[in-house]
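Remember, it's 1-based here, ligands and their atoms both numbered in the order they're listed. Keep in mind that the numbers below use all heavy atoms, side chains included, and drop hydrogens, waters and symmetry copies.
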Amino acid sequence: MQIGFRSRNFDGNTTLCMASAVSGYKLSFGSDGPPGSYADMETADVILLIGANIADNHPILCQRLERNRMRGTADRPATTVIVVDPRVTKTAMMADLHLPVKPRSDVALLNGIAHVLIRDGLIDREYIAAHTTGFEEFAAFVAKFDPERVAVITGLSVETIVRTATLYGKAKAAFIGWTMGVNHSTQGAVTVAAINNLALITGNIGRVGAAPFSITGQCNAMGTREAGFTSSLPGYRKFESASDRADLARLWNIDVERIPSARGLAYPDIIEGAVAGKIKALWFIATNPAVSFPNYPVLEQALRSVDFLVVQDGFHPTPTSDFAHLVLPAAIWGEKEGTYTNSERRVNKVNAFVSPPGDARSDFDIFLSIAERLGVKQELYPGWTSTHDAFLEWQRVSAGRMCDYSEFTWQQIEDNGGMQWGGSRLYADGVFPTVTGKAILHSVPWLPFTEQPDEEYNLIFNTGRTVEHWHTRTKTSQVAMLEGMVPAAWLEMNPADAAQLHLKPHDRVNVVSRRSSVRNVELRITGIVAPGQVFMPFHFSENNSNLVTLGAFDPISREPNFKQCAVRVEKFNNNLK
Ligand SMILES: Nc1nc2c(c(=O)[nH]1)N[C@H]1C(S)=C(S)[C@@H](COP(=O)(O)OP(=O)(O)OC[C@H]3O[C@@H](n4cnc5c(=O)[nH]c(N)nc54)[C@H](O)[C@@H]3O)O[C@H]1N2
Ligand SMILES: Nc1nc2c(c(=O)[nH]1)N[C@H]1C(S)=C(S)[C@@H](COP(=O)(O)OP(=O)(O)OC[C@H]3O[C@@H](n4cnc5c(=O)[nH]c(N)nc54)[C@H](O)[C@@H]3O)O[C@H]1N2
Ligand SMILES: [Mo]
């Protein structure tokens, strides 16, 4: 994209998912990179899960939590699990303590916990002095977040807030895991910084069992982060750093002027550019925005506006490829070889065991062919034929960087069932890749979320996942057992709201927002959601929740605010526009 097409306007689907974690890590530590390991979930004394429903969405990882809890002994009590989620998720049911926070009150809660930790002397003053900056200012800032005030904002009791802080502060090793309940917000990046604050003031980072840990979504979300989506150049290099750019130019043996010195448009801004007629062509690779992108009416305008729309996917038709001028059939998992990097920075190898059907080719082969047509193959990928060639190149480009793949070989990845770059833990020495070498404590103000409910749109609309399906269901809808278990979307509503709206279980309803409506959805009346809130899975193009979600994005990470917007619910009728 950068050298061949000479465009900076490309981005990873990561921006719908992990971008806030990346930005938050950069704010606090100077770089992306989840500091811990999955194994830390087996050794931590306290695990705080924030907006992470791992029982549904990381069921394999969740087993570590279960193993850990079973292992309690007299001298080492079982781990205490605290879950912060407005819904009573399966994960919340597994918790010792569930904090059903009011939507987007997380920053207030995190600041309130910091307040109690400082007030009650549960902080690590030595660690703070040696490895952080900004403590005095931070302490003065969180002084305003006394538990009484935080209780009002979060809807939790003072006792629960103090108990959570005490458990976290007294733990020998405390782990914080978070996922989309944090990232999917216009305050995602700064909420991550507020999480990192807790780890820093208690020294819960770089040690066994202790980490502020972003649990990633897609199998190779980390790969995207390291190789550089909108927010950085390959190998976590910075656009704004002349020496980083010079370094890349040297490695690639090209003129430094050809390396962009500023980030291009992020995903939502590319879509807006298409609507405005500034972007003339779109190429979607392994992502299905017609289901996954927020505020569908605007996305559809973008898909219809461009002169040329290419969709490169393993399946056709999909809701996105329906709009395409050109479909490039791609090989999928099991049909191709390569590596994926997971949340704990572990590089895993996958091997082909069947040949791709028909004309399908691996994404890698498609890119090589296009590089050839663009006339840059010889220059950029001389003699490349396999993903192993790309791996050798990536070892060279990442060598000496934080995400250093030169630490292991292709064969070691295969033989060991994956290798972690950076080893088990980052920042064990307390040295951070910031200007001062110290991590930065940020004072993060609490703000109410963007689209508050009002008289007309009186409910808060939350979206997410269920274990049976994967995202836009191009794959899982074809697995008869999974499709049979969950064939259609539904809306969860609290009995109090249902009574007020005179709705019964299994009624068909419409969910209406200022933007559009999703119609004819099955109603489920349940205490899983609190009064005033409704929840819907986003997997179904047939009942697309993103018809109603908000086109609001984090100003730092550009991640969409998928988790809260204002809606009203009506009995199904077909008269709506
Ligand atoms: N089976 C299955 N597994 C998956 C996926 C899948 O599609 N299916 N997708 C993968 C991907 S890419 C991702 S990103 C992960 C996502 O994994 P998760 O983040 O666990 O999934 P979600 O259901 O999107 O959201 C998690 C929780 O955030 C909560 N939440 C909403 N608002 C708030 C809030 O204001 N504060 C807090 N604290 N919580 C809030 C929601 O109620 C929800 O329970 O799952 C991965 N795993
Ligand atoms: N309302 C709401 N919306 C959301 C979310 C939410 O919680 N709520 N979550 C967001 C998050 S975290 C994420 S990660 C996104 C996910 O959104 P998407 O990335 O759009 O979802 P997928 O269904 O995983 O899409 C992957 C596409 O790639 C295709 N594919 C699979 N394997 C291959 C391959 O090897 N090569 C190629 N070329 N194609 C392949 C699949 O058929 C599919 O069409 O959704 C986001 N959207
Ligand atoms: Mo994701």
With heavy atoms of Asp363 as the reference, note each atom of ligand 2 found under 4.0 Å away. 34 (C), 35 (O), 36 (N), 37 (C), 38 (N)

What side-chain donor-acceptor pairs closer than 3.5 Å can you find for residues 289-298, not counting sequence neighbours?
residue: Ser292; atom: OG; partner: Asn288; partner atom: O; Å: 3.2
residue: Tyr296; atom: OH; partner: Glu300; partner atom: OE1; Å: 3.0

Contacts of type side chain to side chain contact (heavy atoms under 4.5 Å, CB included), residue Val467, not counting sequence neighbours: Asp56, Pro59, Lys90

At the 4.0 Å heavy-atom cut-off, does Ser362 count as touching ligand 2? no

For Thr91 and Asn53, test the side chains for any donor-to-acceptor distance below 3.5 angstrom and give the result as yes or no. yes

Classify the side-chain pair Ser23/Ser20 by whether it contains a donor and acceptor separated by less than 3.5 Å. no

Is it the side chain, the backbone, both or neither of Asp313 that has a heavy atom closer than 4.0 Å to ligand 2? both

Determine whether the side chain, the backbone, both or neither of Ser545 has a heavy atom under 4.0 Å from any heavy atom of ligand 2. side chain

Going by the order shown, which atoms of ligand 2 are within less than 4.0 Å of some heavy atom of Asn546? 1 (N), 2 (C), 3 (N)

Test your reading of the structure: does Phe315 have an N or O sitting under 3.5 Å from an N or O of ligand 2? no

Would you call Tyr267 and Pro560 a side-chain contact if the rule is heavy atoms closer than 4.5 Å? no

Neighbour list for ligand 1 [protein residues, heavy atom under 4.0 Å]: Cys17, Ile50, Gly51, Ala52, Asn53, Asp56, Asn57, His58, Val84, Asp85, Pro86, Arg87, Thr89, Pro103, Arg104, Asp106, Thr179, Met180, Gly181, Gly217, Gln218, Asn462, Gly464, Arg465, Thr466, Val467, His469, Trp470, His471, His539, Lys563, Gln564

Lys336 touching ligand 2 at heavy-atom level, < 4.0 angstrom: yes

State, yes or no, whether a side-chain contact exists between Phe562 and Phe538 at a heavy-atom distance under 4.5 Å. no

List every atom of ligand 2 that sits less than 4.0 Å from any heavy atom of Ala331, numbering the atoms from 1 in the order shown and giving each element. 34 (C), 35 (O), 36 (N)

For the residue pair Asn351 and Lys349, confirm or rule out a side-chain donor-acceptor distance under 3.5 Å. yes

Could you name each residue pair satisfying ring-ring contact (aromatic ring centres under 6.0 Å, His included) that touches residues 335-355, not counting sequence neighbours? Trp333-Phe353

In terms of side-chain geometry, is the basic nitrogen of Glu492 or Arg524 positioned less than 4.0 Å from the acidic oxygen of its partner? no

